[in-house]
Amino acid sequence: HRTRRSVSSVFVLPGLFFSARATADVYALSLRDALPIYPYRAQLNFPGAIPLLYAGFMALDVSSAMTPFNFIATALLALAVYEVGTRFLSTRGALWAVAILLTTNIVMKLGIDQRSDSFLALFFFVCFQLALEFWKEPKRVALLPLLGMAMGMAIGTKLTGLLAVGMFGG
């Protein structure tokens, strides 16, 4: 008879639930040892989408892939900013927008850090982009399910993504 243990950050990793990496550490430990996961109730702003991806990297013993994975989200954000800029401004305006984005210190710091904020920024911007497209052409109702999926991805990344519903869902 095997004794079941549980992983809870309250007892195992106190105070570390402030980043997606720390959340992933608990998830990876739980996945490795087949333990149930009990979330730390004081810090429930990580629904688990990105930390579970990180936990997958850790379970495959390729945790070094987390930083490039995060940087890809930042690069996709820059591409999305460029696309919106060329569509609604000009090529020159789009290049300025990307330059301002990529020279903002916090954007680059989060782009190389193992947190979920770069993914949240990407999904939030995709919500903005789809809402802007729908506002420009209200007959394109096919954009609404995509907007809903982008909102869901933002919420699944971090509960701060609920702001996307409030801003773009109405």
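Quantities reported herein were computed from a predicted structural model and do not represent experimental measurements.
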Original post:
How far does CG of L130 sit from CZ of R140, to the nearest 0.5 angstrom?
Top reply: 9.0 Å

Original post:
L102 and I72: same hydrophobic cluster, using ILVMFWY side-chain contacts below 4.5 Å?
Top reply: yes

**OP:** Please test V107 against T74 for side chain to side chain contact (heavy atoms under 4.5 Å, CB included), starting from the C-alpha separation and ending with a verdict.
**Re:** CA-CA 8 Å; V107 172; T74 304; 4.1 Å; yes

**OP:** Measure from the ring center of F128 to the ring center of F123 and say whether it is less than 6.0 Å.
**Re:** no

**OP:** Report the distance from atom OG of S118 to atom CG of N70, rounding to the nearest 0.5 Å.
**Re:** 3.5 Å

Original post:
Do L147 and C127 come close enough that some side-chain heavy atom pair is under 4.5 Å?
Top reply: yes

Subject >> Side chains of T160 and L163 in contact at under 4.5 Å (non-hydrogen atoms) >> reply: yes

**OP:** Evaluate the side-chain proximity of F71 to M108: yes if any heavy-atom separation is below 4.5 Å, no if none is.
**Re:** yes

Original post:
CG of L144 to CE of M151: how many Å apart, nearest 0.5 Å?
Top reply: 8.5 Å

**OP:** Starting at CG of L79, measure out to CZ of F125 and round the result to the nearest 0.5 Å.
**Re:** 11.0 Å

**OP:** To the nearest 0.5 Å, tell me how far L77 CG sits from L120 CG.
**Re:** 10.5 Å

Original post:
Does NZ or CZ of K136 fall inside the cone over F88's six-membered ring, less than 6.0 Å from its centre and within 45° of the axis?
Top reply: yes

**OP:** Would you give the length of the straight line joining atom CG of L110 to atom CG of N105, rounded to the nearest 0.5 angstrom?
**Re:** 9.5 Å

Original post:
Among the clusters formed by ILVMFWY side chains lying less than 4.5 Å apart, do L143 and L132 turn up in the same one?
Top reply: yes

Subject >> Heavy-atom check, side chain of F124 versus side chain of T157, under 4.5 Å >> reply: no

**OP:** Indicate the atoms forming the closest heavy-atom contact of T91 with Y82, along with that distance.
**Re:** CG2-OH, 3.6 Å

Subject >> Minimum side-chain heavy-atom gap Q129-R87 below 4.5 Å >> reply: no

**OP:** Without swapping roles, check the side chain of S90 against the backbone of T86 for a donor-acceptor pair under 3.5 Å.
**Re:** no

Original post:
Are F119 and I112 connected in a single hydrophobic cluster, I mean Ile/Leu/Val/Met/Phe/Trp/Tyr linked by side-chain heavy atoms less than 4.5 Å apart?
Top reply: yes

**OP:** Could you walk me through whether I155 and V165 pass the side chain to side chain contact (heavy atoms under 4.5 Å, CB included) test, one step at a time?
**Re:** CA-CA 9 Å; I155 294 167; V165 175; 3.6 Å; yes

Subject >> Hphob cluster co-occupancy, M149 + F134, side-chain heavy atoms under 4.5 angstrom >> reply: yes

Subject >> Smallest separation among heavy atoms of V126 and A150, with atom names >> reply: CG1-CB, 3.8 Å

